[in-house]
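So the structure is just underneath, and the comments pick up after that.
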Amino acid sequence: MNNVKRNYFGKIKTIRRQRTKKTVSTVKSIFRMDEAGKRQFRDSAGQTAVSSDSTSSNGFFKIRFLPKMMISENTEVCENSKNAKKTERDFFKSLNQLTKHYNIDQLPVGNFKYPYNIALSIWHTAKMLRENKPHFNSLQLVQDNDERYLISEERYNTSTTLFYIPVIPLYHLLKNKTRKKSAQLLLSVCSYLYKNADIPYYRQQGSYLYWNYEMLSDWLSDDEEIDENHIIRKELLQAEMIGDYMEQKISNDKNLEIFMERINTFKPTDDFDRKCFQIAKSTFELYSDYPNESIFRNAHFNNLSMKETIYVSEDDEEKVITMDKYISFFANDYGSVYQNLVDGINNEFNEYAELQEPVIIKTFNGKSLDNVNLDFEDRLFRIVTDLINILG
């Protein structure tokens with residue numbers, strides 16, 4: 001990946017935006033990494049309506065069609081089993097644990113024979129989980145030695161979004177006397193995200209965005225036609241200087257020590273203040289409930305925990321957009337540097353095959369389950385989104 005040649009600017013006298021395929025649509029600083037293709041629609045008039053004869057029976061519509069059994073990974077274990085009774089016993093024991101855990105109903109399958117009773121139960125359970133559990137992603141029946149059980153995957157869908165929090169707008173808010181109090185609330189929010197939630201900062205060496213800003217700086221240095229007074233050089237210098245200053249402010253422990261005091265003494269006067277106040281309250285509640293949880297706590301790589309990724313080859317790792325690449329503090333969301341930065345990142349991400357997201361794997365093998373869920377991620381991503389919107 002480090003050997004890939006990138007040309008953000010080209011050999012031209014003036015920096016201009018790259019004309020590439022449209023991959024980013026911006027909504028209040030939340031950036032989509034891929035744009036869905038446009039749908040094709042037929043003439044709204046459609047075909048002439050045709051109805052059945054009034055004397056025909058409508059009993060057909062009262063029939064309930066069950067799913068056709070497919071040979072799949074979920075049912076292959078059952079079909080290849082030499083001991084159908086043990087397979088059924090293991091499966092329904094696991095299913096009982098799963099349905100109690102998720103508080104969903106089982107489908108009565110007593111009238112169906114093996115292995116269709118198992119396939120039908122898996123189909124119904126997955127359907128119920130999709131309808132009732134927003135983070136449900138998949139359900140599988142697996143075989144481990146002589147034991148068979150269900151495993152479920154819950155995944156937080158980040159919707160291919162760049163969660164980049166701009167710090168230069170916060171810097172200007174802190175300098176604005178009429179907005180200083182609300183800016184201090186947001187400063188405490190950023191401190192929690194930086195120090196406790198472990199969101200990367202673009203001035204930290206080794207971070208993904210630090211490397212991207214450095215790439216932009218290197219290309220500028222190599223282009224002799226761009227002088228020191230060029231706007232993009234000024235923007236990069238500002239990103240570095242204000243970025244270093246704001247990191248010192250954000251990393252100050254005092255912002256968390258007086259977080260509650262700032263909330264209790266704050267008196268909103270307009271809609272902007274009320275939004276800042278609400279973000280601060282939500283963040284302090286999250287801080288109280290999860291004082292030491294990292295945004296990467298449930299980050300997995302091909303169903304491996306972050307600790308296990310040290311055994312993953314570099315070739316495999318380069319196929320995945322890891323979470324630290326699309327969640328970060330950065331300079332700001334306007335200007336030539338910003339546009340070239342985001343264009344370059346989107347072009348790179350289009351070459352990846354997989355997106356890393358918060359994932360929980362639950363195993364229903366009779367053992368007690370840890371009380372884990374994606375509540376922290378739900379609330380944190382909502383706060384980050386609101387923070388980006390108000391600073392954008």
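As a basis for the values below, the full set of heavy atoms in this structure was taken, side chains included, without hydrogen atoms, waters or symmetry mates. The first residue of the sequence shown is numbered 1, and numbering continues consecutively from there.
- For NZ of Lys93, the number of neighbouring non-hydrogen atoms (other residues, nucleotides, ligands) closer than 6.0 Å is 12 at most.
- Checked by atom type, the side-chain pair Glu154/Tyr102 shows a donor-acceptor distance below 3.5 Å.
- Ring geometry for Phe266 versus Phe277: interplanar angle under 30°, hence parallel rather than tilted (30 to 60°).
- For Asp324 against Phe296, the heavy-atom pair with the smallest separation is N-CE2, 3.6 Å.
- The local environment of CG in Asp270 is crowded, with over 12 non-hydrogen atoms from other residues, nucleotides or ligands closer than 6.0 Å.
- A pairwise comparison of heavy atoms in Glu357 and Ser159 identifies OE2-N, 4.1 Å as the closest pair.
- The closest side-chain donor-acceptor pair between Gln97 and Asn365, if any, does not fall under 3.5 angstrom.
- A single hydrophobic cluster is seen to contain both Met260 and Tyr287, as judged by linkage of ILVMFWY side chains at heavy-atom distances under 4.5 Å, directly or through other members.
- Scanning both residues, Ile295 and Phe381, for their nearest heavy atoms gives CD1-CE1, 3.7 Å.
- Of the charged side-chain nitrogens involved, at least one lies within less than 4.0 Å of a carboxylate oxygen, so that Asp271 and Lys275 count as a salt-bridged pair.
- Salt-bridge formation is detected for the pair Asp253/Lys195: a Lys NZ or Arg NE/NH1/NH2 atom is positioned less than 4.0 Å from an Asp or Glu carboxylate oxygen.
- Atom CZ of Phe92 is separated from atom CZ of Arg89 by 12.5 Å, given to the nearest 0.5 angstrom.
- A donor-acceptor contact under 3.5 angstrom links the side chains of Tyr194 and Glu247, judged on distance only.
- Placement of Ile388 and Phe272 within a single hydrophobic cluster is found when ILVMFWY residues are connected by side-chain heavy-atom separations under 4.5 Å, directly or transitively.
- No more than 12 heavy atoms of other residues, nucleotides or ligands sit less than 6.0 Å from atom CG of Asn103.
- A pairwise comparison of heavy atoms in Pro291 and Ser288 identifies CD-O, 3.9 Å as the closest pair.
- Gln205 CD: 12 or fewer foreign heavy atoms inside a 6.0 Å radius.
- Interatomic distance, Gln184 CD to Leu170 CG, rounded to the nearest 0.5 Å: 10.5 Å.
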Do Asp375 and Tyr290 pass the side-chain contact (heavy atoms from CB on, under 4.5 Å) test, and can you show the C-alpha distance, the side-chain angles, and the key distance before you say yes or no? CA-CA 10 Å; Asp375 173 67; Tyr290 301 95; 2.8 Å; yes
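- In this structure, Tyr149 OH and Ile151 CD1 are separated by 7.0 Å, a value rounded to the nearest 0.5 Å.
- The two atoms that bring Leu236 and Val337 nearest to each other are CG-CG2, 3.8 Å, heavy atoms only.
- Distance check: Leu185 CG to Asn255 CG gives 10.5 Å after rounding to the nearest 0.5 Å.
- For the salt bridge (charged side-chain N to carboxylate O under 4.0 Å, His left out) with Asp273, the qualifying choice from Arg179, Lys267, Lys181 is Arg179, the only one to do so.
- Connection of Met215 to Tyr210 is not established within any shared hydrophobic cluster, with ILVMFWY side chains joined at heavy-atom distances below 4.5 Å, either directly or through further cluster members.
- Glu214 contributes atom CD, which lies 10.5 Å from atom CG of Asn212 (distance to the nearest 0.5 angstrom).
- Of all the heavy atoms in Leu174 and Lys180, the pair that sits closest is O-CG, 4.1 Å.
- With a 6.0 Å radius and a threshold of 12 heavy atoms from other residues, nucleotides or ligands, Lys249 has its NZ atom at or below the threshold.
- Transitive grouping of hydrophobic side chains (ILVMFWY, heavy atoms separated by less than 4.5 Å) brings Ile165 and Tyr334 into a common cluster.
- Phe330 has its ring centre no less than 6.0 Å from the ring centre of Tyr202.
- Between the CG atom of Asp386 and the OG1 atom of Thr283 there is a distance of 8.5 Å, given to the nearest 0.5 Å.
- No path of Ile, Leu, Val, Met, Phe, Trp and Tyr side chains, each step under 4.5 Å between heavy atoms, connects Leu237 with Ile242, placing them in separate hydrophobic clusters.
- Ion pairing between a basic and an acidic side chain is recognised when a charged N comes within 4.0 Å of a carboxylate O; Lys281 and Glu285 show no such pairing.
- With hydrogens and angles disregarded, no donor-acceptor distance shorter than 3.5 Å links the side chain of Tyr171 to the backbone of Gly243.
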